[in-house]
Amino acid sequence: AFSFAALDSSLIKKEGNPWNLLNAPLPAGKIPAIADQTVMEWGLGKKLGDSLFLTDDLGNAIELQLVAGLANSIFQGYVLIAEENFLRHFPSTPGFKVFLADHGGSSAADLRQELNRALVSYGVEITDTAERLAGFNTVQNTYLSIFLLLGGLGLMLSTIGLGISLSRSILERRGELALMSAVGVSRTQIQHMIIAEYAVLLLAGTLIGAVAGLIAVLPVIALLKSSVPFGLLAAVLLGIALTGLVSLYTASRLALSKYLLPALRPE
């Protein structure tokens with residue numbers, strides 16, 4: 001149900017199970033704590049081994065040491081400590097306010113209905129963990145989607161620029177093309193030759209860039225254990241390739257639309 005993005009290497013060797021770190025003895029009366037890795041880094045500005053200083057219900061200053069970071073969990077916004085430490089320092093807390101329920105082999109909808117019926121007098125609010133995570137990730141996913149679309153659009157525009165550059169390159173080779181036309185090579189054959197020549201470079205560049213990008217993000221994918229929108233990425237790559245091929249076809253068509261023989265005379 002939970003995975004860890006970071007663990008205190010010195011403590012995990014002694015405790016084994018990462019959750020046992022919450023009961024690990026620390027020097028100077030420090031209390032071991034676990035937080036979501038994203039919250040730890042971006043919300044608290046902390047890293048593994050850093051401390052948080054709080055005041056408990058008795059007015060005493062306590063120090064929490066971060067010993068592990070959860071990977072994209074439902075505990076975003078929380079700092080977890082052992083129950084024994086919590087009750088000792090916060091005795092005024094009246095029981096538990098959050099429960100985790102596993103439906104096991106039964107239906108999640110049946111469990112939701114049963115809990116609502118049994119706890120109706122307590123005003124219980126039941127949220128599916130997937131829905132809770134989706135809510136946490138909404139803003140992040142929105143930004144990532146925007147950046148992906150803008151990046152894909154930028155690549156497509158640059159591919160159109162490639163077509164313009166190819167047009168100039170082909171125009172500079174008009175003498176060579178005119179010579180081929182003079183010895184009997186048809187315009188269609190010349191166009192096919194040009195498209196085949198530059199299409200290899202276009203597709204090879206797209207493939208190399210896609211593989212390099214995938215290798216670059218593999219560690220992040222493995223760390224977050226999140227699903228990757230391969231369908232959307234494939235659509236973007238296909239759009240880039242198709243845009244480049246259309247630009248290449250248009251450039252070769254325009255370059256060969258004029259009479260080539262005058263280009264042979266300076267030769």
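Please read all numbers here as calculations on a predicted model, not as lab measurements.
By the 4.5 Å heavy-atom criterion applied to side chains, T138 and T142 are counted as neighbours. M193 is listed as a side-chain neighbour of M180, based on a closest heavy-atom distance under 4.5 Å. In this structure the side chain of L111 never reaches within 4.5 angstrom of the side chain of D102, judged on heavy atoms. Residues L100 and F75 form a side-chain contact, since some pair of their non-hydrogen atoms from C-beta on lies under 4.5 Å apart. Looking only at side-chain heavy atoms (C-beta outward), T55 and I62 stay at 4.5 Å or farther from each other. Contact of the L133 side chain with the N72 side chain is registered, since non-hydrogen atoms from C-beta on lie closer than 4.5 Å.
Between L66 and A35 the shortest heavy-atom distance is CD2-CB, 4.2 Å. Taking every heavy atom of both residues into account, A68 and L21 meet most closely at CB-CD1, 4.1 Å. Looking at every heavy atom in both residues, A33 comes nearest to L64 through CB-CB, 4.1 Å. Nearest approach of R132 to I74, heavy atoms of both residues: NE-O, 3.2 Å. Looking at every heavy atom in both residues, V39 comes nearest to G77 through CG2-N, 3.6 Å. The two atoms that bring T93 and D57 nearest to each other are N-OD2, 4.4 Å, heavy atoms only.
Looking at residues two or more places apart in sequence or on another chain, you find no ring pair (Phe, Tyr, Trp, His ring centres under 6.0 Å) involving Y249.
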Go through the steps for Y198 and I194 under the test side chain to side chain contact (heavy atoms under 4.5 Å, CB included), then give the verdict. CA-CA 6 Å; Y198 288 104; I194 293 173; 3.7 Å; yes
Trace of the side chain to side chain contact (heavy atoms under 4.5 Å, CB included) decision for V79 with L52: CA-CA 10 Å; V79 176; L52 299 173; 4.1 Å; yes
Show your working on side chain to side chain contact (heavy atoms under 4.5 Å, CB included) between I31 and L26 and close with a plain yes or no. CA-CA 7 Å; I31 299 174; L26 296 179; over 6 Å; no
I would like to know whether W42 and Q37 meet side chain to side chain contact (heavy atoms under 4.5 Å, CB included); could you show each step before the answer? CA-CA 8 Å; W42 304 107; Q37 184 71 15; over 6 Å; no
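In this structure, N23 contributes its side chain and N20 its backbone to no donor-acceptor pair below 3.5 Å. A side-chain donor-acceptor contact under 3.5 Å links N116 to the backbone of R112. The backbone N or O of T38 sits nowhere less than 3.5 Å from a side-chain atom of E41 that would complete a donor-acceptor pair. Formation of a donor-acceptor pair under 3.5 Å by the D56 side chain with backbone atoms of F90 is not found in this model.
Following chains of ILVMFWY side-chain contacts shorter than 4.5 Å, one can reach L80 starting from V67, so the two form part of one hydrophobic cluster. If you chain together hydrophobic residues whose side chains sit under 4.5 Å apart, V246 and L203 never meet in one group. Residue L87 is grouped with residue I81 when hydrophobic side chains (ILVMFWY) are merged at heavy-atom distances under 4.5 angstrom, including chains of intermediate members. L245 and V200 sit in two unconnected hydrophobic clusters of ILVMFWY residues. Membership requires side-chain heavy atoms under 4.5 Å apart, directly or through other members. No continuous path of hydrophobic side-chain contacts links L237 to V211 [ILVMFWY only; heavy atoms under 4.5 Å].
For R168, the CZ atom counts as loosely surrounded, since its 6.0 Å shell holds 12 or fewer non-hydrogen atoms of other residues, nucleotides or ligands. By the neighbour-count criterion of 12 heavy atoms within 6.0 Å, atom CD of E63 is densely surrounded, having more than that number from other residues, nucleotides or ligands. No more than 12 heavy atoms of other residues, nucleotides or ligands sit less than 6.0 Å from atom CD of E114. Counted within 6.0 Å of CZ on F99, heavy atoms from surrounding residues, nucleotides or ligands total more than 12; the atom is thus considered enclosed. Residue E131 places its CD atom among more than 12 non-hydrogen atoms of other residues, nucleotides or ligands, all under 6.0 Å distant.
The line from CE of M40 to CD of Q76 is 12.0 Å long, rounded to the nearest 0.5 Å. Between atom CG of residue L238 and atom CG of residue L233 there is a gap of 12.5 Å, rounded to the nearest 0.5 Å. The line from CG of L242 to OG1 of T206 is 10.0 Å long, rounded to the nearest 0.5 Å. For the atom pair OG1 of T243 and CG of L248, the computed distance is 12.5 Å after rounding to the nearest 0.5 Å.
The aromatic rings of W19 and F2 stand perpendicular to each other, their planes meeting at an angle above 60°, with 30° marking the opposite boundary.
Between the side chains of S51 and Q65, no donor-acceptor pair of N or O atoms lies under 3.5 Å.
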